[in-house]
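Remarks on the structure that follows.
In what follows, every heavy atom counts, from backbone to side chain, and hydrogens, waters and symmetry copies are set aside.
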Amino acid sequence: RSVRCGSSCLSACTILFSFILSLFNPLRSPAATWTELSPGVVQVSGQLNHEDPKKFQKLQIQTLELNVKGGLAQPALEIGKMIDQKKIRVKVKGLCLSVCATYLFIAGNERIIDGGLVAFDGSVEESESQLTTLRNHLKSKRKQSPVLTKIQEAAQMTKIDERRFFHEMGINRDLFRQSQGRTKGDPENRTHDYFVPTKKNPLSHGVKMSGAANLRWIHKANSDVFFN
């Protein structure tokens, strides 16, 4: 039985494909920059790729300042597990988007938002149902995507580690179900790229934070962010 996909579905498939590609395509993610600000305090900025877990291991870190706009899922998850094992405090003064929020911020022994922004856009496992939609759409058009096949293989491997990681962190998966969705929980049913918990309605999914995000500037400038 073929699956019919209208313009709205095509748009959703395009968005999903871009999202998944950004999580697993190493060509789209240069290595991040790691800077020692003072003994034990390191700042990471940019996007994460497969080189970054090795860079992380070489550093003596007690506090990790995050200014990361995304990157690859698997290396971000590897860093997140090491942050948890070493009981590292994380602080956000800039942006912590996508895999930064999902793995690095979540893993912090203490999580501080100091005038920055933490924004979620789902997880690898929560994207599976949408991947099926995309796969069925391509199948109905009698098209094949070698890239999608490789992405699915990578996602399967990452999903197992991710599930164990969230369980050990005690994180309720509702956070990722909400942030994976098109509206991010917006009662007005608008489309958003990211879900941003605020001080008024903080994360209620097993994540505790210190401090509050200064969100007014980005709220006015970017309508693709939903503030809960």
Side-chain angles (χ1 to χ4, degrees), residues 19-20 22-24 29 32 34 42-49 52-53 56-57 61-114 116-128 155 157-181 184-185 193-199 201-213 215 225-228:
F19 167 69
I20 295 295
S22 71
L23 294 182
F24 294 101
S29 183
W34 299 80
V42 173
Q43 181 188 68
V44 56
S45 57
Q47 293 184 304
L48 300 171
N49 75 6
D52 290 304
F56 178 92
Q57 287 179 314
I61 306 175
Q62 295 176 336
T63 298
L64 182 61
E65 292 194 4
L66 303 173
N67 186 25
V68 177
K69 298 179 182 179
L72 303 182
Q74 186 61 43
L77 177 55
E78 290 177 23
I79 293 171
K81 289 188 287 187
M82 290 188 285
I83 289 173
D84 174 53
Q85 292 167 359
K86 297 181 179 183
K87 307 299 181 185
I88 293 172
R89 179 175 65 171
V90 295
K91 181 182 292 187
V92 183
K93 288 188 175 182
L95 297 176
C96 181
L97 310 180
S98 190
V99 297
C100 176
T102 303
Y103 305 122
L104 276 63
F105 183 76
I106 286 292
N109 184 51
E110 183 182 358
R111 310 173 184 100
I112 300 172
I113 299 176
D114 184 8
L117 177 73
V118 177
F120 296 83
D121 62 358
S123 67
V124 172
E125 183 167 6
E126 299 306 326
S127 69
E128 277 199 307
M157 295 179 63
T158 301
K159 180 187 73 172
I160 297 171
D161 285 344
E162 181 189 76
R163 186 182 296 170
R164 185 183 301 114
F165 173 73
F166 290 147
H167 177 72
E168 292 175 354
M169 293 295 100
I171 304 301
N172 189 324
R173 297 200 63 87
D174 287 345
L175 168 63
F176 306 108
R177 295 188 184 99
Q178 179 169 339
S179 57
Q180 183 73 45
K184 314 302 181 192
D193 293 334
Y194 295 102
F195 168 69
V196 180
T198 63
K199 186 176 181 181
N201 193 2
L203 298 178
S204 57
H205 309 282
V207 181
K208 295 181 180 179
M209 300 185 297
S210 299
L215 303 175
V225 176
F226 174 60
F227 295 83
N228 187 19

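- Of all the heavy atoms in L97 and K69, the pair that sits closest is CB-O, 3.8 Å.
- Ring pair F166/F176 is parallel by interplanar angle, where below 30° counts as parallel and above 60° as perpendicular.
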Applying side chain to side chain donor-acceptor pair (under 3.5 Å), run through Y103 and E78 and close with a yes or a no.
-> CA-CA 8 Å; Y103 305 122; E78 290 177 23; over 6 Å; no

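- Within the 3.5 Å criterion, the main-chain N or O of N49 finds a donor-acceptor partner in the side chain of D52.
- For the residue pair A101 and V118, the shortest heavy atom distance occurs at CB-CG1, 3.7 Å.
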Go through the steps for R163 and H167 under the test side chain to side chain contact (heavy atoms under 4.5 Å, CB included), then give the verdict.
-> CA-CA 6 Å; R163 186 182 296 170; H167 177 72; 5.9 Å; no

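- In this structure, K93 NZ and Q43 CD are separated by 8.5 Å, a value rounded to the nearest 0.5 Å.
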Carefully, step by step, assess K81 and D84 under the rule salt bridge (charged side-chain N to carboxylate O under 4.0 Å, His left out).
-> CA-CA 5 Å; K81 289 188 287 187; D84 174 53; over 6 Å; no

Might you work through the side chain to side chain contact (heavy atoms under 4.5 Å, CB included) test for L95 and L117, ending with a clear yes or no?
-> CA-CA 5 Å; L95 297 176; L117 177 73; 3.8 Å; yes

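- Salt-bridge check for R177 with D174: passed, with a basic side-chain N closer than 4.0 Å to an acidic carboxylate O.
- Judged by distance alone, with hydrogens and angles left aside, the side-chain atoms of Q178 form no donor-acceptor pair with the main-chain N or O of F195 at under 3.5 Å.
- The only member of L64, N109, I61, I112 that meets side chain to side chain contact (heavy atoms under 4.5 Å, CB included) when paired with R89 is I112.
- More than 12 heavy atoms of other residues, nucleotides or ligands lie within 6.0 Å of NZ in K86, so this atom counts as buried by the packing criterion.
- Rounding to the nearest 0.5 angstrom, the gap separating the CZ atom in F105 from the SG atom in C100 is 9.0 Å.
- Taking CG from L66 and CZ from R111, the interatomic distance works out to 11.5 Å, rounded to the nearest 0.5 Å.
- Rounding to the nearest 0.5 Å gives a distance of 8.5 Å between CG of L72 and CD of Q47.
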Go through the steps for F120 and I106 under the test side chain to side chain contact (heavy atoms under 4.5 Å, CB included), then give the verdict.
-> CA-CA 11 Å; F120 296 83; I106 286 292; 4.2 Å; yes

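- With rounding to the nearest 0.5 Å, the separation of CG in L77 from CE in M82 is 10.0 Å.
- For the residue pair T158 and A73, the shortest heavy atom distance occurs at CG2-CB, 4.4 Å.
- Distance alone, capped at 3.5 Å, places no donor-acceptor pair between the E162 side chain and the S123 backbone.
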Could you please spell out the steps behind the side chain to side chain contact (heavy atoms under 4.5 Å, CB included) verdict for L104 and F56?
-> CA-CA 12 Å; L104 276 63; F56 178 92; over 6 Å; no

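- Heavy-atom minimum distance, A76 versus L48: CB-CD1, 3.8 Å.
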